[in-house]
Amino acid sequence: MEIEGKATEKESQSPKFALPVDSEHKATEFRLFSVAAPHMRAFHLSWISFFACFVSTFAAPPLLPIIRDNLNLTATDIGNAGIASVSGAAFARIALGTACDLFGPRLASASLILLTAPAVYFTSIASSPTSFLLVRFFTGFSLATFVSTQFWMSSMFSARVVGTANGLAAGWGNLGGGATQLIMPLVFGLIRDIGALKFTAWRIAFFIPALFQTLSAFAVLIFGKDLPDGNFRPLQKAGAKPKDKLSNVFYHGITNYRGWILALTYGYCFGVELTVDNIIAEYFYDRFDLKLHTAGIIAASFGLANIVSRPAGGLISDAVAKRFGMRGRLWALWIVQTLGGVFCIILGRVESLEASILVMIVFSFFCQAACGLTFGVVPFVSRR
């Protein structure tokens, strides 16, 4: 009776969750239309904030035909700015990964978003190729929120559904790269129709993604939790979570060869996706002599494919793992990534507008699904 009483008391003191959880209080089910705290709330906060960062980072490409005339940008200037917008993210992701280990995904993510938001505002006052390159470089740091998104999902969801959670969170976040192809031309057109000159309208338009990014950071801070049981700092103070040292975290991260292999693999799917996001609107605008709005709609279809492609990659990874284990996850990743490369080559060789659009959509699916399949592997690289 005494033992039973203690068990009942312990059970009554354990936290209650809206979703079924495992022994670590990670959710064992994924309910897409739920906003229950802390698991599904973390999911929605992570993808929305990541979405906002993508909108900001790729807000410039759909307006490049206007911006290049205003700032006298050459093809080299545009190419360098595109490279700058994604190159900074590589270093920022390493730093943010370490910050997530030390301070938790909530604080790490919100801090980075707030630190990079001023660069989006400052885009409106860019006056030269150099200043345009710099604001794109610093805005691109915000893409590192992908790391906190994946860290957060891996902290909230168990192995049986983590691929799905990771694929959906990152996939819907990446939708920002396609949505901005629609949003920015519409915002620009609206401001211009109100009465602003076109060289003024594109500058005002950048306040929309900047404000969206800022608000998403405050939402993460106010409504999010690092772990199912609470935030890092209180749990560390209570002794419920060990406190890591920076040197240990960094050492175990950079010495894991599996991490480096996945970094290269991811570079050939997500890296390609970022490259296409930067040039696809201008490509269709120049090659097929389309209107800015039309080119934006076509370009948007590439990024908008993330609504199904990345989540599909995560779902496939979880599905094949049930039958073939980790070997199934790896083979599925290899097959889909290879097909993405094949269609990327075909895209560069087709000549007609209709064929280019069709191949681009197929290419986008495999390229982005490979990203989702990568997310299904990442949580198993190193538990530490």
Side-chain angles (χ1 to χ4, degrees), residues 17 19-32 34 36-50 93-110 112 143-174 220 224-232 235 240-242 244 249-250 252-253 256 258-259 261-263 265-266 270 310-311 313-319 321-322 325-326 329-330 333 371-384:
F17 301 102
L19 274 64
V21 297
D22 60 14
S23 60
E24 296 180 297
H25 297 158
K26 293 183 179 182
T28 57
E29 291 183 7
F30 184 85
R31 298 175 184 173
L32 181 60
S34 170
H39 304 92
M40 295 311 303
R41 184 175 296 177
F43 165 76
H44 290 294
L45 287 171
S46 66
W47 82 258
I48 290 172
S49 58
F50 189 33
R93 287 186 175 200
I94 296 173
L96 191 66
T98 305
C100 285
D101 281 325
L102 297 175
F103 310 111
R106 168 182 156 273
L107 185 59
S109 176
L112 179 65
L143 292 181
T145 48
F146 161 78
V147 175
S148 55
T149 295
Q150 300 298 283
F151 188 105
W152 213 355
M153 295 304 93
S154 298
S155 300
M156 288 290 182
F157 295 93
S158 68
R160 62 186 295 183
V161 295
V162 71
T164 302
N166 276 338
L168 276 166
W172 285 13
N174 272 58
V220 169
K225 281 187 178 181
D226 290 316
L227 299 169
D229 297 320
N231 292 322
F232 267 39
L235 291 174
K241 184 186 184 306
D244 282 317
V249 169
F250 193 71
H252 286 287
N256 193 318
R258 298 174 185 85
I261 292 172
L262 277 181
T265 303
Y266 194 55
F270 184 57
R310 284 197 180 214
L315 288 166
I316 292 170
S317 184
D318 286 341
K322 290 179 180 178
M326 181 55 65
R329 292 184 189 269
L330 295 173
L333 170 58
C371 295
L373 282 152
T374 305
F375 309 151
V377 177
V378 169
F380 305 98
V381 171
S382 170
R383 185 174 181 80
R384 176 179 180 80

Q: Phe270 and Asn174: side-chain contact (heavy atoms from CB on, under 4.5 Å), yes or no, with the steps?
A: CA-CA 10 Å; Phe270 184 57; Asn174 272 58; 3.1 Å; yes
Q: Dump the intermediate steps for ring-ring contact (aromatic ring centres under 6.0 Å, His included) on Phe30 and Phe43, then the final yes or no.
A: CA-CA 10 Å; Phe30 184 85; Phe43 165 76; 4.9 Å; yes
Q: Examine distances only and state if a side-chain atom of Arg41 and a backbone atom of Gly224 form a donor-acceptor pair shorter than 3.5 Å.
A: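 A pair under 3.5 Å: no.
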Q: State whether Asp22 and Arg160 are salt-bridged, where the test is any N-O pair (Lys NZ or Arg NE/NH1/NH2 against Asp/Glu carboxylate O) under 4.0 Å.
A: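 Salt bridge absent between Asp22 and Arg160.
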Q: Measure up the Trp47 and Trp172 rings against each other and bin them: parallel (under 30°), tilted (30 to 60°), perpendicular (over 60°).
A: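 Plane angle over 60°, so perpendicular.
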Q: Are Phe146 and Phe151 near enough that their ring centres are under 6.0 Å apart?
A: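 No; Phe151 has its ring centre 6.0 Å or more from that of Phe146.
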Q: Would you say the side chain of Arg329 lies within less than 4.5 Å of the side chain of Ile316, judging by non-hydrogen atoms?
A: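 No, their side chains stay 4.5 Å or more apart.
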Q: Any sub-3.5 Å donor-acceptor pair from Ser158's side-chain atoms to Ala27's backbone N or O?
A: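 Here the side-chain-to-backbone pair exists.
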Q: Counting only N and O atoms by type, is there a donor-acceptor contact under 3.5 Å from the side chain of Lys225 to the main-chain atoms of His39?
A: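 Side chain of Lys225 to backbone of His39: no pair is present.
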Q: Test side-chain contact (heavy atoms from CB on, under 4.5 Å) on Val220 and Trp152 and set out the steps.
A: CA-CA 11 Å; Val220 169; Trp152 213 355; 4.0 Å; yes
Q: Check Leu19 against Glu29 and note the closest heavy-atom contact, atom names and distance.
A: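 Where Leu19 meets Glu29 most closely, the heavy atoms are CD2-O, 3.2 Å.
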Q: What class does the angle between the rings of Phe17 and His25 fall in, given that below 30° is parallel, 30 to 60° is tilted and above 60° is perpendicular?
A: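 Ring orientation, 0 to 90° scale: tilted.
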Q: Contact between Asn166 and Ser154 at the side-chain level, heavy atoms closer than 4.5 Å - yes or no?
A: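 Asn166 reaches Ser154 side chain to side chain.
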Q: Okay, side chain of Ser148, backbone of Ala144: is any donor-acceptor separation there less than 3.5 Å?
A: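 It does not hold such a pair.
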Q: So, Arg93 side chain and Leu143 main chain: donor-acceptor pair closer than 3.5 Å or not?
A: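 Yes; judged by distance alone, with no hydrogens or angles, the pair exists.
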